[in-house]
2 protein chains.
Amino acid sequence: MKILLVEDEAALRTALLASLKQAGYLAEAAADYAQAHEKIMLYQYDCILLDLTLPDGSGLDLLRALKAGGSPTGVLIITARDALDDKIAGLDLGADDYLIKPFHLSELNARVRAIIRRRQFNGQQQIVFRDLLVLPELAEVHVRGELITLTRKEYDLLLYLLANPGRVLTKEAIAEHLCGDAVDAADSFDFIYTHLKNLRKKLQEKGADNYIRTMYGVGYKLSHE
Amino acid sequence: MKILLVEDEAALRTALLASLKQAGYLAEAAADYAQAHEKIMLYQYDCILLDLTLPDGSGLDLLRALKAGGSPTGVLIITARDALDDKIAGLDLGADDYLIKPFHLSELNARVRAIIRRRQFNGQQQIVFRDLLVLPELAEVHVRGELITLTRKEYDLLLYLLANPGRVLTKEAIAEHLCGDAVDAADSFDFIYTHLKNLRKKLQEKGADNYIRTMYGVGYKLSHE
DNA sequence: CTTCAACAAGGAGAATTTTCATGGGCTGGG
DNA sequence: CCCAGCCCATGAAAATTCTCCTTGTTGAAG
């Protein structure tokens, strides 16, 4: 789950970023409008935490740009108590929720969870693909009824594939999904092989073969047969 | 057990808060409508003690907001003798009980206990999970028939896990549940390890192994096998 | 058909992150 | 005042994630 935090105040940004990572999200931060805009255009996030008052522009413009691009990203607005107009405008523009400063961490987490749950597989309780059964709520994966334990990256990788059934995913896309902006164009993406290998192995051990097909020179995809 | 006390009169608020803490609850207080509303939206309480006459609004509106949100929280209304209409309205709106000022502390405690008993695990007299038997009324935990003594935090932690069987609970969710609004962003949640360790140890001593599974990098959950 | 270059797979182990255990200080109730 | 229980810091242990290197495979050009 990738989250972008847009907040200009350094202390708060750091604290929130730490909290989000602690809660298990792949969190990144932008300090101003320019940074945020770049990241929004560059990557796809599951949820954006948006402070409306930025030193070099309004968060509302960011929101507008995002929604104009037809992005499915969830947006949680973070605003000062006195900026009620902004709040209303934000909701009109397609934000999912808002939160008034100062707020409590657990409250933030609860709202983020709610937004992500709403989006993730349309809130399905379970995802079925051939012999696979995934229960997102319990973070459990079953193969032919047997529970298997995956590491976090393996789990994320599997869900990414399941979220795009049949579509070809390039190494780069996978790496970016798993690691966020920590990856660079110059980086090697070999570590994807490792996770892919481990995931395949764990699936094959339970007799689920050939779920992940290699498209030579392109990427990988889930195959239906 | 988390309780929110909504009461504007400072002296009474302090006294009741102390009494509730004394009785072993995790009690927090709100002095007015605004505070109470924020906290209600923020956290999930097991029970709310609600004074209907607040300086900046009616407790009835709070109750309405709460029930509109589908909250399962129990509500005990605290009201002056002359506000009979309010009392009736409150019960119509889904309050569980009412108490007329002035009242005895023991009376309050009895009512709170009754409400919580009714709500907790749907009023079950006992909770069974594998070899575990918990009697919420007596705050007793038995493992394979043997009584074990837990500290308050250990007990709360166990009940929190039992209330969310199979679901993954992050460290900060646990911390917030155990400590209420006393936790903050910069805090470390390492102390959870200590309670977890102590609880596990006490369970294992009686032969109940592997009940609490560690989800590396995510959190903890009760495991069914 | 052969050869080459790019790509993919696999194994081993280093690096990093997360969790656990121990001990000490602090606090609040008795 | 004492003590159980809670919180926190430190360092050890464990699990995961990533890197490196070798080997095998594929597709296309000659």
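The figures here come from the full heavy-atom set of this structure, side chains too, leaving out hydrogens, waters and symmetry mates. Sequence lines set the chain letters: A, B, ... in the order given, protein chains first and strands last, and positions in each chain run from 1.
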* To do: Search all heavy atoms of A:Tyr33 against all heavy atoms of A:Leu62 and return the closest pair with its distance.
  => CE1-CG, 3.7 Å
* To do: On DNA chain D, check which nucleotide each of B:Lys153 and A:Leu150 is closest to and give me the residue with the more 5' one.
  => B:Lys153
* Would you mind reading off the distance between B:His195 atom NE2 and C:dT22 atom P, rounded to a whole angstrom? => 17 Å
Distances for protein N/O vs nucleotides 3-7 of chain C N/O pairs under 3.5 angstrom?
unit_1, atom_1, unit_2, atom_2, d
C:dA6, N3, A:Tyr216, OH, 3.2
C:dC7, O4', A:Tyr216, OH, 3.3

* Structure fact -> Between A:Ser223 and A:Arg213, the two heavy atoms sitting closest are CB-NH2, 3.3 Å
* Asked: Could you state the CG-P distance from A:Asn198 to C:dA9, rounded to the nearest angstrom?
  -> 13 Å
I'd like a table of atom pairs between the protein and nucleotides 23-30 of chain C - only N or O on both sides, under 3.5 Å - with the distance next to each one.
none

* Note: A:Glu205-A:Lys201 ion pair, threshold 4.0 Å (strictly below) -> no
* **Euclidean distance, atom CZ of residue B:Phe189 to atom P of C:dT18 [Å, nearest integer]** => 13 Å
* Asked: At under 4.0 Å between heavy atoms, what does A:Tyr220 touch on the DNA or RNA strands: base, sugar-phosphate, or nothing?
  -> sugar-phosphate
* Asked: Backbone N or O of B:Ala10 within a donor-acceptor pair of the B:Thr14 side chain at under 3.5 Å?
  -> yes
* To do: Would you kindly give the CG-to-P distance between A:Leu169 and C:dA8, to the nearest whole Å?
  => 13 Å
* Asked: Taking atom types as modelled, is there a side-chain donor on B:Tyr211 or B:Gln204 under 3.5 Å from an acceptor on the other?
  -> no
* Test log, rule salt bridge (Lys or Arg N to Asp or Glu O under 4.0 Å), inputs A:Asp131 and A:Arg144 -> CA-CA 5 Å; A:Asp131 287 345; A:Arg144 302 189 176 195; 3.0 Å; yes
* Answer yes when B:Asp51 and B:Arg13 have at least one side-chain N-carboxylate O distance shorter than 4.0 Å, and no when they do not. => no
* On DNA chain C, check which nucleotide each of A:Arg200 and B:Asp190 is closest to and give me the residue with the more 5' one. => A:Arg200
* Would you grab the first and last nucleotide of DNA chain D (5' to 3') that comes under 4.0 Å of any non-hydrogen atom in chain A? => D:dT16 to D:dG27
* **B:Arg200 and B:Glu154: CA distance, side-chain angles, deciding distance, salt bridge (Lys or Arg N to Asp or Glu O under 4.0 Å) verdict** => CA-CA 9 Å; B:Arg200 276 173 164 161; B:Glu154 286 159 14; over 6 Å; no
* Are B:His142 and B:Glu140 linked by a side-chain donor-acceptor pair shorter than 3.5 Å? -> yes
* Structure fact -> DNA chain D nearest-nucleotide lookup for A:Thr151 and B:Thr151: closer to the 5′ end is B:Thr151
